Amino acid sequence: MAALRELRILDTPPEAQFDTICRTAAALFSAPMALVSLVDDDRQWFKASCGLEARETTRDVSFCSHAILADEVLLVEDATRDARFSANPLVTGHPGIRFYAGAPLILSDDIRIGTLCVIDTEPRSLVPAQVAQLRDLADVVTSLIRLHEARIGHESEMEARRSAGERLAESEARYRALADALPQMVWVTNATDRRALYSNLQFRSFYGPIGSGQAERVARNHPDDAARMAEAWERAVAEERAYDVEGRLRRHDGTFRWHKVVVIPIRRDGAVTEWLGTALDIDDIVTARAKLEETTELLRLAQDSAGAAIWDWDVHRRVARHSPRSASLYGFASLDDGAVEVTAEEWERGVHPDDLPAVWAAVARALERRQTFTTEFRVLRPLGDGGGHRWIQAFGHVVTDPASGEPTRIVGLHLDVTARRESEEALRRSEARLRVSEERLALALDSGDDVLWDWNLATGEAWVSNRWHKMLGHGAERPRVDLRSWRRIVHPDDVRLAAGLMRDHLAGLAPLYECEYRLRKRDGTFLWVLARGRVVHDAGDGRPLRVVGTQIDITRRKDAERRIEHMALHDALTGLPNRALFRSRLDQEIRHSAGQGSPFAVLVADLDAFKAVNDALGHPAGDGLLRIVSDRLRSVVREGDTVARLGGDEFALILARLDDAAEASRVAQRMIDAVGEPVDLDGHLTSIGVSVGIAVGEGAGADADQLFKNADIALYRAKAAGRNTYRFHDSGMDAAIAVRNLLQIDLRDAVARGGFTLHYQPVVDLARDEIAGFEALMRWRHPTRGMISPADFIPIAEDSGMIVPLGDWALRSACAAAAGWPGRCRVAVNVSAVQFRQPGLEQSVVKALAATGLSPCRLELEITESVLLADAEAVVASLHRLRALGVRIALDDFGTGYSSLSYLRRFPFDKIKIDRSFIREIGDPVAAAIVRAVVGLGARLGTVVTAEGVETAEQLEQVRNEGCTEVQGYLFGRPVPEADVHALLRGRDAQAMA
């Protein structure tokens with residue numbers, strides 16, 4: 001924000017060039033609104049706008065405050081669907097923003113001050129080419145702002161120059177030293193007898209021994225240039241004005257070199273008393289310029305003789321025909337014969353808008369005068385050619401009708417003069433630098449924020465400009481500045497470096513002294529400075545006399561570098577080390593362990609049920625939970641240990657210098673206990689868990705990648721063990737993971753080619769002694785391993801997400817099979833918690849019923865308590881909608897979870913299935929009492945109670961006595977293929993099976 005205010009552009013009157021950019025953007029993207037928005041601390045202000053009356057808005061509702069954070073164009077295709085903006089008053093109220101595209105305005109040093117944006121009240125999108133066009137327009141706006149910045153800087157510089165003149169007299173000695181350090185020759189002559197009063201080191205080095213009279217100097221001019229240079233000098237003396245001339249001067253070794261000579265009068269009391277001259281060696285520039293002119297002429301002649309880049313414009317049709325070379329300059333696509341026909345409007349779209357008026361003016365004059373014309377303009381480069389602009393020089397000749405004399409055509413050629421224009425621009429910049437340096441002895445150096453210093457090597461004393469005292473917070477008191485006082489205020493850690501670099505420069509080992517170090521201010525704090533300087537030698541014996549230079553306050557840059565370094569190595573949400581810093585510290589700990597032989601441990605942790613909290617309460621609550629977890633993890637480790645966030649809900653720890661491996665297990669348990677404490681998220685009390693994998697490393701054999709992989713494998717085993725626990729890595733885990741990965745690959749292939757079948761196990765109604773329905777059970781016959789247990793492949797399918805297409809297939813297949821069974825016979829299909837977390841389960845049920853014609857009351861969906869753990873409110877709502885269709889809902893494996901009774905209160909299940917573990921132990925009085933209690937609960941709720949896993953007659957008798965209404969198990973039949981179901985229904989009844 002400080003950079004924006006320093007531009008002094010806020011609240012300035014409208015400017016035509018910015019308004020033109022807005023209108024161009026609105027027209028180019030067919031948008032009702034376009035803005036050049038500058039973002040201040042508490043508001044966004046519109047330097048230019050199109051389609052919007054307001055001149056500013058508060059920053060908290062600004063889209064642009066988001067856009068400036070990105071390097072690319074921010075696209076919001078529908079603000080009402082974007083969580084960042086859907087509640088924004090600019091979206092919900094006037095002007096009703098739906099679409100937003102904003103390109104950041106980025107100055108040098110990554111300073112972001114605003115955006116160029118287009119806005120629509122209807123949702124829409126942009127293709128990549130349009131995004132690039134918006135970025136290009138933003139670059140134009142940035143260039144305009146840089147021009148504004150340069151103008152402000154120029155005005156400040158001019159004001160500084162005026163004030164600097166007042167200090168000229170007292171700085172004479174200092175500037176003489178500086179003059180010796182300048183690259184050009186400098187001399188001062190008396191206006192009366194024209195004898196030299198002063199010459200700098202460069203002058204003496206170039207000419208060698210030379211008298212002070214004008215005749216000696218003039219004799220050194222090249223014979224071909226002497227008359228011209230003398231004429232310029234005499235005219236300037238007569239008119240008492242400055243002059244500049246280019247000519248060749250003879251060096252002391254007899255070599256002539258081109259110089260830019262500038263001489264200005266020095267007035268005292270209105271009269272010219274002295275002349276100040278400078279001569280800058282431009283021999284290389286003149287040589288390059290001559291070669292450039294020669295190359296340009298040869299290029300023009302070569303293209304003229306080759307007939308390249310030819311164009312022919314029909315004045316009446318306003319259509320131009322371009323040769324292939326001419327078309328390629330614009331990026332036009334060629335026709336079959338290589339030529340391209342382009343309308344005037346199409347041509348205009350490729351030309352820089354600032355150049356169009358001059359081009360058309362040149363064409364109009366040529367048509368009016370019936371003469372040849374030439375002009376230069378910029379065209380857009382094709383994206384494949386690097387983008388940007390290309391400079392074109394156009395030559396045109398007007399062709400008239402022989403009868404009427406009226407113009408009919410203009411024929412001409414195009415030259416690509418981009419290289420020449422760039423060279424000319426470089427030359428102009430060089431000449432501009434020359435003009436600046438020609439100001440007498442760099443008068444402006446003392447007027448800026450830079451500190452000037454001059455160190456006398458003989459006495460050790462130093463002169464510093466007033467800016468140095470202000471920078472260090474000195475008041476009216478000006479302390480003595482010498483080598484001893486300098487050492488007292490330099491940061492102790494920087495003294496050796498700064499002094500060493502100065503010694504190298506004085507010894508001739510470095511051409512320039514340049515060093516960054518810290519200085520202590522008067523209030524005790526330190527600031528960073530960049531000091532540059534150059535030694536000044538005695539002209540006679542070459543002894544170093546003094547060092548003169550500048551000093552710049554770079555504290556803000558250093559602070560920014562520290563912040564950037566911290567951001568690069570730490571997680572933005574939690575402040576914990578990120579993956580890069582974690583890896584660096586792990587490598588460091590491995591090296592330490594190799595040297596000291598002390599063990600250490602890597603812990604990888606995943607939060608359990610975090611996704612459920614994030615989905616139920618939203619991402620802000622999830623972010624808050626991650627910050628709380630981060631604080632809790634920090635609290636359980638020692639100073640020197642590392643806690644890092646790797647991404648999402650994944651954390652990693654390095655426990656350094658352990659006494660034994662048991663210490664890692666104690667830390668892991670503290671992690672589990674700390675994370676498991678309830679968390680209040682804006683009134684929502686929730687709990688999560690954490691699973692931890694541990695890998696121990698020791699000595700020189702440790703490898704960072706392998707340790708992390710081992711910890712990750714151990715984490716997987718901790719999750720498989722029921723989560724909210726920890727596991728150490730052992731060598732057997734690697735083989736188990738390899739087997740599981742191969743099984744996952746085969747599972748994905750089986751899903752793709754339909755390698756699964758359904759088997760059906762009968763469910764018997766004890767009251768009617770008949771089969772009430774079948775439970776559909778998935779089977780997978782592996783091509784090499786044979787039958788794979790569902791206990792092995794279902795968890796893999798759930799972890800990988802393949803359970804969703806598998807479950808959809810099972811639902812359709814089971815409904816299709818049941819449609820051919822007797823009318824009252826139901827089919828039960830198991831539904832995974834993963835299917836409930838993904839959208840589309842209810843639609844799959846409806847589609848399966850509609851496709852097969854099965855009555856909803858004959859379909860039974862079996863769920864476990866894990867389905868309700870993820871997002872109970874959403875799942876219960878979905879179950880209610882399914883039950884409203886007529887589908888029956890059964891609670892499977894009842895009694896094995898933590899909250900079974902609470903779920904019975906929240907949803908009226910049609911059936912409760914008692915887990916087989918209770919039936920297997922029903923001979924035990926405790927197990928029998930649990931079964932009896934569940935049956936009584938079912939009776940009061942009006943719910944069918946099914947006993948699973950009945951395998952013996954004794955178990956059947958007991959569950960019948962306890963009051964179970966349905967039974968299922970091997971005693972009544974194993975799961976059978978669909979083809980055997982009809983035979984089972986026809987050939988056996990419940991009594992026979994019993």
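What you see is a predicted model, and the numbers here were worked out from it, not measured in a lab.
Residue Ser878 holds its OG atom at 3.5 Å from CD of Glu842, rounded to the nearest 0.5 Å. To the nearest 0.5 Å, atom CZ of residue Arg645 and atom CD of residue Glu650 are 10.0 Å apart. The structure places SG of Cys825 at 9.0 Å from CD of Glu770, a figure rounded to the nearest 0.5 Å. Rounding to the nearest 0.5 Å gives a distance of 9.0 Å between CG of Asn961 and CG of Leu956.
Side-chain contact annotation: Ser832 with Glu798, donor-acceptor N/O pair under 3.5 Å present.
Trp809 pairs by the side-chain hydrogen bond (donor to acceptor under 3.5 Å, both in side chains) definition with Ser813, not counting sequence neighbours. The side-chain hydrogen bond (donor to acceptor under 3.5 Å, both in side chains) check on Arg920 picks up nothing, with sequence neighbours excluded. For Lys911, the side-chain hydrogen bond (donor to acceptor under 3.5 Å, both in side chains) partners are Glu860, Glu966, not counting sequence neighbours. Applying the side-chain hydrogen bond (donor to acceptor under 3.5 Å, both in side chains) test to Gln133 and every residue at least two apart in sequence or in another chain returns nothing.
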Between Val763 and Phe774, is the side-chain contact (heavy atoms from CB on, under 4.5 Å) condition met? List the steps. CA-CA 5 Å; Val763 179; Phe774 292 85; 6.0 Å; no
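Within the structure, salt bridge (Lys or Arg N to Asp or Glu O under 4.0 Å) pairs that include any residue of residues 946-955 comprise Lys913-Glu948 (at least two apart or interchain).
Remark: of the listed residues Asp892, Leu941, Ile863, Ile863 is the sole one forming a side chain to side chain contact (heavy atoms under 4.5 Å, CB included) with Phe909.
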I'd like a table of donor-acceptor pairs (distance under 3.5 Å, sequence neighbours excluded) in which one partner is a side-chain atom from residues 681-691, with atom names and distances.
unit_1, atom_1, unit_2, atom_2, d
Ser691, OG, Asp608, OD1, 3.0
Ser691, OG, Asp608, OD2, 3.0
Ser691, OG, Asn724, N, 3.2

